[in-house]
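First listed ligand is number 1; within each ligand, the first listed atom is number 1.
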Amino acid sequence: MRHSTFRQLEVFDAIMRLGSFRKAAEYLFLTQPSVSMQMKKLTEAIGYPLFEQVGKKIFPTDVGRELHKTTREIFDDLARFDMTLADLKGLKRGSLSIAVVTTAKYFAPGLLGRFCERFPAIEASLKVCNRAHIIERLVANEDDFYILGQPPEEIEVDAEAFLDNPLVPVAPRDHPLASEKRVPLRRFAEEPFLLREPGSGTRVAVEQLFAEQGVKMRVRMELESNEAIKQAIMVHFGVSILSRHTIAMEVASGHLSVLDVEHLPIARSWYIVNRKGKSPSLVASAFRDYLREYTARPGAATA
Ligand code: PGA
């Protein structure tokens with residue numbers, strides 16, 4: 001059977017339904033010798049006759065009837081697959097798995113939520129981990145897309161920037177430096193610094209800035225999350241450099257302030273990333289198109 005073609009099965013099905021080689025040939029726009037040739041090959045592949053001729057009429061053998069049942073099942077499955085494909089193309093259903101770095105959790109749920117409102121039957125999942133874990137997931141190809149603050153250099157990826165992500169110096173509202181202008185980085189570095197955990201993209205960017213400027217920071221404590229750092233700043237434990245996305249609420253409510261420090265903010269962007277050459281599913285490419293459309297709208301750059 002391995003060598004029979006889909007075309008042979010199609011011809012066989014037409015003969016079974018229409019009752020003659022001639023009618024099958026007309027139906028499929030083939031010549032009668034070509035229909036006979038296809039059936040000869042199919043019969044050889046199976047090793048048993050599929051039809052017997054009585055007078056001018058042909059009748060299926062037992063093997064022919066069994067093959068017809070199987071052929072119908074194959075054609076029905078294919079018809080179902082066609083419908084599934086049409087559904088997916090219309091994005092009536094499907095699934096989407098996005099994994100984002102911890103800092104992106106401040107805007108990614110909103111983006112995904114609005115996408116799901118547009119396509120309600122899509123099942124979406126959002127994983128949140130630090131940069132090191134996201135890169136592990138990316139290498140293992142576990143999700144449809146990844147959102148990171150910097151595309152990884154250790155593996156080949158397709159990356160597209162879609163939103164600004166400035167990293168800003170943060171202090172308590174009543175910090176003595178809060179009212180000063182253009183504070184030198186060296187002066188800011190004298191304050192006790194609250195640093196993200198190893199593996200954090202924010203930490204990589206912060207360490208890079210201090211190294212480039214030849215300034216040493218006084219690390220008071222390493223904390224695993226932006227939330228923990230914000231709480232520690234509010235109780236005057238120190239200062240930090242965080243993505244502006246993480247502090248919108250605390251700045252608006254007056255609990256935290258953004259300082260004016262030289263060489264800051266660190267200008268970064270959010271990137272949608274995938275392994276180089278991976279072709280996204282229909283749902284995943286709709287999500288990427290949605291991101292492009294969303295971030296092209298006025299005011300999105302700092303959303
Ligand atoms: P992080 O990543 O949440 O792991 O710090 C943020 C970023 O890469 O900008």
So does Lys127 pair up with Glu142, basic N to acidic O under 4.0 Å?
no
With a cut-off of 3.5 Å and sequence neighbours excluded, list every side-chain donor-acceptor pair involving residues 44-55.
| unit_1 | atom_1 | unit_2 | atom_2 | d |
| --- | --- | --- | --- | --- |
| Glu44 | OE2 | Lys40 | NZ | 3.3 |

Side chain of Ser243, backbone of Leu167: donor and acceptor closer than 3.5 Å?
no
Residues forming a ring-ring contact (aromatic ring centres under 6.0 Å, His included) with Phe6, sequence neighbours excluded
Phe75
Throw together a table of side-chain donor-acceptor distances under 3.5 angstrom for residues 176-190, partners on residues two or more places apart or in other chains.
| unit_1 | atom_1 | unit_2 | atom_2 | d |
| --- | --- | --- | --- | --- |
| Arg182 | NH1 | Asp260 | OD1 | 2.5 |
| Arg187 | NH1 | Glu191 | OE2 | 3.0 |
| Arg187 | NH2 | Glu191 | OE2 | 3.1 |

Any Lys/Arg nitrogen of Glu227 or Lys105 sitting under 4.0 Å from an Asp/Glu carboxylate oxygen of the other?
no
Note every protein N or O atom lying under 3.5 Å from an N or O atom of ligand 1, pairing the names and giving the distance.
| unit_1 | atom_1 | unit_2 | atom_2 | d |
| --- | --- | --- | --- | --- |
| ligand 1 | 3 (O) | Thr102 | N | 3.4 |
| ligand 1 | 3 (O) | Thr102 | OG1 | 2.5 |
| ligand 1 | 3 (O) | Thr103 | N | 3.0 |
| ligand 1 | 3 (O) | Thr103 | OG1 | 2.7 |
| ligand 1 | 3 (O) | Arg196 | NH2 | 3.4 |
| ligand 1 | 4 (O) | Arg131 | N | 3.1 |
| ligand 1 | 4 (O) | Gly201 | N | 3.0 |
| ligand 1 | 5 (O) | Arg196 | NH1 | 3.2 |
| ligand 1 | 5 (O) | Arg196 | NH2 | 3.4 |
| ligand 1 | 5 (O) | Ser200 | OG | 2.8 |
| ligand 1 | 5 (O) | Gly201 | N | 3.1 |
| ligand 1 | 5 (O) | Thr202 | N | 2.9 |
| ligand 1 | 5 (O) | Thr202 | OG1 | 2.7 |
| ligand 1 | 8 (O) | Gly149 | N | 3.3 |
| ligand 1 | 8 (O) | Arg268 | NH1 | 3.4 |
| ligand 1 | 9 (O) | Arg268 | NH1 | 2.3 |

